[in-house]
Amino acid sequence: MIRLNIEPLTRAAFAPFGEVIDTEQREHFLINNGNCRRYHRLASVETAAGGHAVISVFRARAATFPLALSLVERHPLGSQAFIPLNKQAFLVVVAPPGQPPAPEQLRCFLARGGQGVNYYAGTWHHPLLALTSDDDFLVVDRDGEGPNCEEHPLPQVWLEKPPHGV
Ligand SMILES: NC(=O)N[C@@H](O)C(=O)O
Ligand code: NI
C-alpha cells in the first residue's frame with residue numbers, strides 16, 4: 001500500500017506534468033490604458049486531431065479522507081486546465097506522460113488558494129480533487145472527435161487529508 005506525500009505546488013516541481021497558473025512573482029504588462037495587468041500566456045491550450053478548446057465550470061464535492069485513489073486518467077488529444085474560481089486550495093495527483101504509471105511514480109501537490117494547473121496532453125492525473133464542497137473551477141480543455149480519455153486502475157494508493165488551514 002502506498003501513501004502519497006503532499007508537496008507544495010511550484011512551477012519547477014510541476015514542470016514535467018504541466019504549467020502552474022498563478023500570478024505570484026509572474027511577469028506581466030500593463031494594458032487598457034494602464035488600468036489592468038496582463039499576466040500573459042500563463043499556460044498554453046493543446047487541442048489535437050481537429051478538436052477545439054472549450055471553457056466549462058466544474059462544481060465539485062469535497063473529497064473525503066483518507067482517500068483511496070482507484071485510477072488515473074489522461075487526455076492524449078488535449079491539455080486540461082483547472083482554475084479555482086473561489087481561490088480555494090485543492091489537490092493535484094499526477095504522473096508523467098507515457099506508459100501507465102506505477103504507483104511509485106505518482107506525485108501529489110497541494111494547489112494553494114489562487115493557484116491553478118494546466119495538464120499537458122497525455123499527463124496522467126487523478127480526476128479533480130476539491131477540498132471544499134461545491135467548489136467551482138473554470139476548466140479549459142479539448143472538445144471534439146476522437147478518444148480523449150484513457151483510464152488506468154491503481155492498486156492501493158492512499159491520500160491523507162492535508163494539514164488544516166491550508
Ligand atoms: N471527466 C472530466 O471532464 N474531468 C476529468 O478529466 C478530470 O480530470 O477531472
Ligand atoms: Ni482529466
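Just the heavy atoms: all of them, side chains too, but no hydrogens, waters or symmetry mates, feed the values below. One is the number of the first residue; the rest follow in order along the sequence. In listed order, ligands and their atoms are each counted from 1.
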Notebook entry, point to check: Do Glu46 and Arg142 pass the salt bridge (Lys or Arg N to Asp or Glu O under 4.0 Å) test, and can you show the C-alpha distance, the side-chain angles, and the key distance before you say yes or no?
Noted result: CA-CA 7 Å; Glu46 300 169 86; Arg142 176 198 179 273; over 6 Å; no

What about [X]: any of its N or O atoms under 3.5 Å from an N or O on ligand 1?
{"X": "Glu73", "answer": "yes"}
{"X": "His75", "answer": "yes"}
{"X": "Tyr119", "answer": "no"}

Notebook entry, point to check: Step by step, would you call Asp136 with Asn86 a side-chain hydrogen bond (donor to acceptor under 3.5 Å, both in side chains)?
Noted result: CA-CA 7 Å; Asp136 283 354; Asn86 305 314; 5.0 Å; no

Item checked: Sub-4.0 Å atoms of ligand 1 with respect to non-hydrogen atoms of Pro127 -> 7 (C), 8 (O), 9 (O)

Next item on the list: Show which atoms of ligand 1 fall inside a sub-4.0 Å distance from at least one heavy-atom site of His125.
Entry: 8 (O)

Margin query: Strictly less than 4.0 Å: does any protein heavy-atom distance to atom 4 (N) of ligand 1 fall in that range?
Written below: yes

Next item on the list: State the atom name: nearest N, O or S atom of Glu73 to the Ni ion (ligand 2).
Entry: OE2

Checklist line | Tyr119 near the Ni ion (ligand 2): N/O/S under 2.8 Å | finding: no

Item checked: ring pair (Phe, Tyr, Trp, His ring centres under 6.0 Å) assessment of Tyr119 paired with Phe82 -> CA-CA 9 Å; Tyr119 302 135; Phe82 292 88; 5.8 Å; yes

Margin query: Just by distance, no angles: are the side chains of Gln80 and His125 close enough, under 3.5 Å, to form a donor-acceptor pair?
Written below: yes

Notebook entry, point to check: With the Ni ion (ligand 2) at the apex, how many degrees lie between NE2 of His125 and NE2 of His75, rounded to 10 degrees?
Noted result: 100°

Notebook entry, point to check: Can we say Asp134 and Arg59 salt-bridge, meaning some charged N sits less than 4.0 Å from an Asp/Glu carboxylate O?
Noted result: no

Item checked: Side-chain heavy-atom pair Arg11, Glu24 within 4.5 angstrom cut-off -> no

Notebook entry, point to check: Mind checking whether Phe65 and Pro162 have side chains closer than 4.5 Å, heavy atoms only?
Noted result: yes

Check: So is Phe82 close enough to ligand 1, meaning a heavy atom under 4.0 angstrom away?
Finding: yes

Check: Got the closest protein heavy atom to atom 9 (O) of ligand 1, with its distance?
Finding: Leu128 N, 3.0 Å

Checklist line | Centroid separation Tyr120 to Phe17 less than 6.0 Å | finding: no

